[in-house]
Amino acid sequence: MTGNHDRGSRRRPLLVLSIAAGLAAGAGCGGQDDTRPATWNYISTAIIQPGCATANCHSLIAQRSGVRLDQVSTGWDSLVTRNFVIPGDPAASSLMSLLQGEGTRRMPPDYPLASDDIDLISRWIMGGANK
Amino acid sequence: MRRARIALRRGSVFGAGVFGLLLLSFSAGSAQAYPQFQFSSGTQRCAQCHYSPAGFGLLTAWGRDEAADTISAKGGDGGFLHGLVTLPSALALGGDIRYAAIENAVGGTRSPEFATFPMQAELYARAALGETGFSLYVAGGIRGITRDVNGSFASHLTSVISREHYAMWKPSASGPYARVGRFYAPYGLRLAEHVYFVRRYSGFNLYEETYNASGGYLAENWEVHVTAFTPPPKSFPDSLQSVGMRASGGAAYGELRFASTALLGVQSRVAINSEQRLIQGGVVGKLWLDAAKVLAMGELDLQRRDVTLAAKTGYNQSITYLGLNFFPVKGLMAAVVYERFQEDLRVISTARSAFDIEVSVFPYAHMEVMLFGRYQYSGSGAADGDTGSLGMLQLHYYL
């Protein structure tokens with residue numbers, strides 16, 4: 001009985017390491033080519049809503065600066081009809097300055113977006129910023 | 001009764017003072033659950049220390065004793081207001097107040113930023129309806145925000161909010177239960193800090209509590225929880241609203257415990273709104289190494305997100321949490337954590353990774369000082385985007 005207990009104790013660190021390796025490996029897959037669609041449907045649900053529509057920022061109950069980004073439809077209205085996005089012109093779109101923190105507080109304020117995410121949003125604007 | 005009464009008088013005065021501060025600075029911000037104490041404090045189930053069957057919120061008498069005698073360095077009286085007030089057995093009251101200071105760096109011309117803000121101030125009440133097993137629970141505070149609007153303290157405080165309110169039937173500590181009302185569906189590790197990716201990106205970020213009909217069974221070595229949920233109607237006031245995806249759906253969580261030292265949990269959740277569908281599944285694990293006083297915790301979630309509007313698109317995501325929690329001496333808990341959120345599994349540069357250090361000191365009953373540090377990056381590092389860091393000091397007091 002004691003021997004079994006000892007063997008079990010010795011195995012536990014190995015078990016932890018095995019689980020940890022499995023979790024890390026399972027989460028780390030993915031390729032290098034950006035095959036994602038430069039569409040608002042994708043950008044809103046994958047990038048904008050999780051990053052910007054949080055509790056006290058651009059959510060239903062907060063709507064900081066009058067901007068609501070928690071839905072595909074209202075998010076597009078907030079950004080395009082209020083000229084945060086100038087279709088066809090990323091350089092003139094204040095959304096790009098906000099995402100890059102150029103002369104203003106960076107958005108989102110709690111983590112910098114990946115370069116590929118910013119590039120994808122730029123490509124969407126360049127393509128006309130369609131809904 | 002294991003409660004120590006020695007510090008009663010000193011604690012009562014302090015408690016009354018903090019109660020006054022609480023009235024001045026309500027804000028409902030962070031949740032209050034410490035899944036790190038499962039196994040490490042000698043308790044098996046979250047419901048031993050919390051009235052909620054899956055943890056969170058108001059502490060039971062057992063939980064208050066544990067917080068004072070087992071967790072705090074110098075002990076004290078863990079009772080409501082340090083034992084100053086003896087409540088009727090059918091009534092339980094409590095509250096949490098947290099004040100925080102952060103330094104946050106994300107790159108750009110106006111980084112880093114420094115802010116102090118009221119993070120949480122909530123009161124809880126739970127009333128048992130005789131010996132029927134039925135009870136009513138409500139939590140409420142004022143919504144606080146990190147970044148003020150006009151530089152004043154008052155602008156950190158916005159509307160009143162009640163994140164939890166429910167009716168529950170739970171006739172005994174173990175066995176079946178049913179619960180109806182607003183709360184988080186039992187799912188995942190249920191960490192206190194909403195900045196952890198397994199909360200933020202899985203539908204359990206701040207104020208994402210839904211209205212639920214939930215039930216389950218608590219046994220000595222296993223438990224299961226099943227929940228149907230829906231968001232508050234849009235006609236509800238802000239004080240009862242939730243944010244995030246605002247979806248309807250269902251969630252299930254079950255865990256099996258082994259020898260009071262380990263657990264394996266499995267979970268699944270489906271959330272649907274008018275624009276997208278999120279299908280989630282994952283595993284949760286904990287292992288307590290008593291000789292080393294270390295608790296290993298992990299969670300892995302895989303998510304399929306489909307946009308169901310006319311121009312359809314879909315993609316897969318993953319969320320990982322791996323943490324080692326050290327309990328070197330009584331009153332001290334330190335953790336090192338690795339997190340990863342893969343925004344789209346097709347593109348590795350969209351991964352967001354973070355290394356965290358969390359240190360909590362519990363000097364006396366009712367008190368906690370917490371330090372949190374995070375370094376985060378996209379993809380494989382600086383080549384895939386600016387890196388970021390967060391430092392936070394948090395002062396926590398509970399009634």
Side-chain angles (χ1 to χ4, degrees), chain A residues 8-9 12-13 15-16 19-20 22-24 26-37 39-42 44-47 49-50 53-57 59-62 64 70-73 98 100-118 120 130-131, chain B residues 104 106-111 113 143 145-147 158-159 195 200-201 205-208 238 241 243-246 275-276 285 287 289 291 296 298 300 302 305 307 309 311-313 315 318-320 322 338 340 342-352 376 378-379 384-388 390:
Chain A
S9 300
R12 278 182 191 150
L15 177 65
V16 174
I19 292 171
L23 288 170
C29 54
Q32 288 296 341
D33 297 332
D34 193 346
T35 57
R36 300 175 297 164
T39 63
W40 176 245
N41 278 358
Y42 179 86
S44 173
T45 58
I47 302 169
Q49 290 183 28
T54 52
N56 292 316
C57 297
S59 67
L60 169 69
I61 62 172
R64 295 290 286 265
D70 63 325
Q71 292 180 325
V72 174
S73 54
L98 288 163
Q100 293 163 332
E102 294 172 349
T104 182
R105 174 186 283 162
R106 190 169 199 159
M107 295 289 159
D110 56 350
Y111 70 84
L113 287 184
S115 298
D116 280 350
D117 281 347
I118 295 174
L120 188 71
N130 295 311
K131 196 171 188 176
Chain B
N104 184 44
V106 292
T109 54
R110 297 214 186 152
S111 181
E113 67 169 340
R143 191 160 60 86
I145 55 177
T146 306
R147 295 166 185 89
T158 55
S159 62
V195 297
R200 174 164 181 158
Y201 299 113
N205 202 352
L206 189 61
Y207 305 146
E208 292 195 17
D238 281 358
Q241 278 299 346
V243 302
M245 195 174 155
R246 292 179 49 79
E275 298 182 331
Q276 56 180 306
L287 178 63
L289 303 170
L300 172 65
L302 299 175
R305 198 179 286 272
V307 179
L309 295 166
K312 293 181 171 45
T313 186
Y315 48 96
S318 68
I319 317 171
T320 305
L322 291 171
Y338 169 73
R340 186 181 179 99
Q342 185 90 39
E343 185 179 282
D344 189 323
L345 286 170
R346 292 174 294 188
V347 184
I348 197 167
S349 64
T350 65
R352 187 164 303 133
Q376 58 187 351
S378 296
D384 290 320
D386 285 343
T387 60
L390 169 68

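Residue numbers start from 1 in every chain, and the chains themselves are labelled A, B, ... in the order their sequence lines are given, proteins ahead of strands.
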Look up atom [atom1] in [X] and atom [atom2] in [Y], then write down how far apart they are to the nearest 0.5 Å.
X	Y	atom1	atom2	answer
A:Gln71	B:Met245	CD	CE	11.0 Å
B:Asn104	A:Arg106	CG	CZ	11.5 Å
B:Asp344	A:Asp34	CG	CG	8.0 Å
A:Asp117	B:Glu343	CG	CD	4.0 Å
A:Asp116	B:Ile348	CG	CD1	11.5 Å
B:Arg346	A:Thr35	CZ	OG1	5.0 Å

Top contributor to chain B interface from A:Leu120, A:Ile118, A:Thr39, A:Thr104 [non-hydrogen pairs under 4.5 Å]
A:Thr104
Most heavy-atom pairs under 4.5 Å with chain B, out of A:Ile47, A:Val72, A:Asp70, belong to A:Val72
Heavy-atom check, side chain of [X] versus side chain of [Y], under 4.5 Å:
X	Y	answer
B:Arg352	A:Tyr111	yes
B:Val106	A:Pro112	yes
B:Asn205	A:Thr54	yes
B:Arg200	A:Asp110	yes

[X] (side chain) donor-acceptor with [Y] (main chain) under 3.5 angstrom:
X	Y	value
B:Glu275	A:Thr45	no
B:Tyr315	A:Ala46	yes
A:Ser59	B:Gly244	no

Heavy-atom contact with chain B under 4.5 Å, split by part of [X]:
X	result
A:Gln49	side chain
A:Leu113	both
A:Ser73	both

For A:Asn41 and B:Thr313, run side-chain hydrogen bond (donor to acceptor under 3.5 Å, both in side chains): C-alpha distance rounded to whole Å, both residues' side-chain angles, the deciding distance at 0.1 Å, then the answer.
CA-CA 7 Å; A:Asn41 278 358; B:Thr313 186; over 6 Å; no
Max heavy-atom pair count under 4.5 Å with chain A, selected residue of B:Leu309, B:Asp386, B:Val307, B:Leu390
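Top count of heavy-atom pairs under 4.5 Å with chain A: B:Asp386.
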Check against side chain to side chain contact (heavy atoms under 4.5 Å, CB included), B:Leu206 and A:Asn56:
CA-CA 9 Å; B:Leu206 189 61; A:Asn56 292 316; 4.1 Å; yes
Quick check on B:Glu208 against chain A: is it the side chain, the backbone, both or neither that has a heavy atom closer than 4.5 Å?
neither
